[in-house]
*Asks:* 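One structure, as structure tokens, below. Some questions next.
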Amino acid sequence: LKNCRGISNVFVLSAAILALFFIAGCSAGDNLDNESEGYGMMHEMMVAQQIEARGITNSNVLAAMRKVERHLFVPEHLQHLAYGDHPLPIGEGQTISQPYIVALMTLVIEPDENMKVLEIGTGSGYQAAILAELCKSVYSVEIVEVLGKRAKSILADLYDNVFVKTGDGYQGWSEHAPFDAVIVTCSPTHVPKPLVEQLVEGGKIVIPVDENGAQELVLLVKKDGEMVRKNIIPVRFVPMVDGSGDTY
């Protein structure tokens, strides 16, 4: 009888330990669910208030903006700010763009499932992810090696139609040209000639251009080998948040 009681006590103790592990596991799972739900609410508010409310109604672009989780593309300590109406630092002096600008630049090229797009300035990888949802293939070039490697790793886990390399984006990616569209996320003083040469006839380049101390978001359409320009909007300054409560 003494041995039986000992065995019984062992079973009771084991059951108690298992129960504690189960409760702890459920608690951790609940926290993850709550966190995901919190991001989901902020994500939806971002699309509704920052993008739809500003006049972007293209259903495909909105669907892509709703699907791609922006917090995955920012440093962990800034993820709680990922769905705000502002850029965020991603390291190396670079930023992830304001969500509205990402949506607008995507809209302007009129993406479709047959397009091959070149992106200059991979940065966080967020713009490439949005394009991957809408286009056949995306080729992205980042000049800062550490950012290119990080974005490539994130995107590789999510998409098989995005290709990232480190290099001078102003030279394009000639091995995979021609491209149906080019998105340039940095702001040069002129449109690099290789990007024009690597664009199909009728293709589009969307690019923020510095002129007289101001930036203008510009659409260029290739017609008979020449680029026809249309100004989209002035690119106004949006303060960047760094997570400490400071803005820049």
Side-chain angles (χ1 to χ4, degrees), residues 26-91 94-113 117 119 121-135 138 140 147 150-151 153-155 157-159 162 183 185 187 206 208 215 217 219 232-248:
C26 288
S27 177
D30 288 343
N31 287 337
L32 289 173
D33 289 343
N34 290 337
E35 184 177 90
S36 298
E37 184 178 341
Y39 282 136
M41 293 172 62
M42 290 188 289
H43 194 166
E44 177 55 36
M45 288 176 63
M46 178 196 83
V47 177
Q49 297 177 5
Q50 300 173 34
I51 298 169
E52 283 187 289
R54 287 182 172 131
I56 293 181
T57 58
N58 181 285
S59 60
N60 292 331
V61 173
L62 292 175
M65 296 299 294
R66 283 190 166 97
K67 182 174 179 181
V68 178
E69 298 178 300
R70 191 170 185 254
H71 67 272
L72 300 179
F73 296 88
V74 303
E76 188 173 354
H77 71 284
L78 295 177
Q79 288 186 346
H80 64 292
L81 300 173
Y83 297 98
D85 190 17
H86 44 65
L88 288 170
I90 57 172
Q94 303 301 309
T95 64
I96 181 173
S97 297
Q98 178 190 14
Y100 172 68
I101 294 299
V102 173
L104 181 60
M105 293 181 78
T106 303
L107 178 71
V108 165
I109 67 166
E110 300 180 281
D112 67 54
E113 60 186 9
V117 179
E119 180 194 26
T122 313
S124 68
Y126 180 61
Q127 174 74 79
I130 297 295
L131 293 170
E133 293 287 340
L134 299 165
C135 303
V138 180
S140 188
L147 295 182
R150 184 190 306 156
S153 176
I154 294 170
L155 291 164
D157 288 338
L158 299 171
Y159 302 100
V162 181
I183 284 184
T185 61
S187 182
V206 60
Q215 279 190 12
L217 188 64
L219 172 66
I232 305 301
I233 58 166
V235 181
R236 67 181 181 86
F237 173 73
V238 178
M240 180 178 71
V241 178
D242 72 354
S244 68
D246 295 330
T247 57
Y248 298 88

*Asks:* Would Arg70 and Tyr126 count as a cation-pi pair here, with the cationic atom under 6.0 angstrom from the ring centre and within 45° of the axis?
*Replies:* yes
*Asks:* Which heavy-atom pair separates Leu147 from Ile90 by the least distance, and what is that distance?
*Replies:* CD2-O, 3.7 Å
*Asks:* Can you tell me how far apart CG (Leu88) and CD (Gln94) are? Round to the nearest 0.5 Å.
*Replies:* 13.5 Å
*Asks:* On a heavy-atom basis, which atom in His43 and which in Met65 lie closest, and how many Å separate them?
*Replies:* NE2-O, 2.6 Å
*Asks:* Nearest 0.5 Å, what's the CG-CG distance between Leu107 and Leu134?
*Replies:* 10.0 Å
*Asks:* Under a 3.5 Å distance rule, please check whether Arg150 uses its side chain to pair with a backbone N or O of Phe73 as donor and acceptor.
*Replies:* no
*Asks:* Quick one about Gln127 and Thr106 (side-chain donor to acceptor, distance below 3.5 Å, no hydrogens or angles considered), yes or no?
*Replies:* yes
*Asks:* Students often mix this up, so state it plainly: with edges at 30° and 60°, are the rings of Tyr39 and Tyr83 parallel, tilted or perpendicular?
*Replies:* tilted
*Asks:* When you measure from the side chain of Thr185 to the backbone of Gly121, do you find a donor-acceptor pair of N or O atoms at a distance under 3.5 Å?
*Replies:* yes
*Asks:* Compare every heavy atom of Ala103 with every heavy atom of Val61, then report the nearest pair and how far apart it is.
*Replies:* CG1-O, 4.0 Å
*Asks:* Whether the side chain of Glu113 engages the backbone of Cys135 through a donor-acceptor N/O pair (distance < 3.5 Å, no angle test) should be reported.
*Replies:* no
*Asks:* Taking Glu133 first and then Arg66, would you say they form a salt bridge - that is, a charged N and a carboxylate O separated by under 4.0 Å?
*Replies:* no
*Asks:* Looking at NZ of Lys67 and CG of Leu62, how far apart are the two atoms once the value is rounded to the nearest 0.5 Å?
*Replies:* 15.0 Å
*Asks:* CD of Gln98 to CG of Leu104: how many Å apart, nearest 0.5 Å?
*Replies:* 10.0 Å
*Asks:* Holding to salt bridge (charged side-chain N to carboxylate O under 4.0 Å, His left out), I want the full list of residues that pass it with Glu69, two or more places apart in sequence or in another chain.
*Replies:* none
*Asks:* Measure the spacing between CG of Asn58 and CD of Glu110 and express it to the nearest 0.5 Å.
*Replies:* 9.0 Å
*Asks:* Would you say the side-chain atoms of His86 pair up with the backbone N or O of Pro99, donor to acceptor, closer than 3.5 Å?
*Replies:* no
*Asks:* Could you measure the distance from the CD atom of Gln50 to the CE atom of Met46? Nearest 0.5 Å is fine.
*Replies:* 6.0 Å
*Asks:* Do you know which two heavy atoms are closest between Leu155 and Ala128, and how far apart they sit?
*Replies:* CD1-CB, 4.0 Å
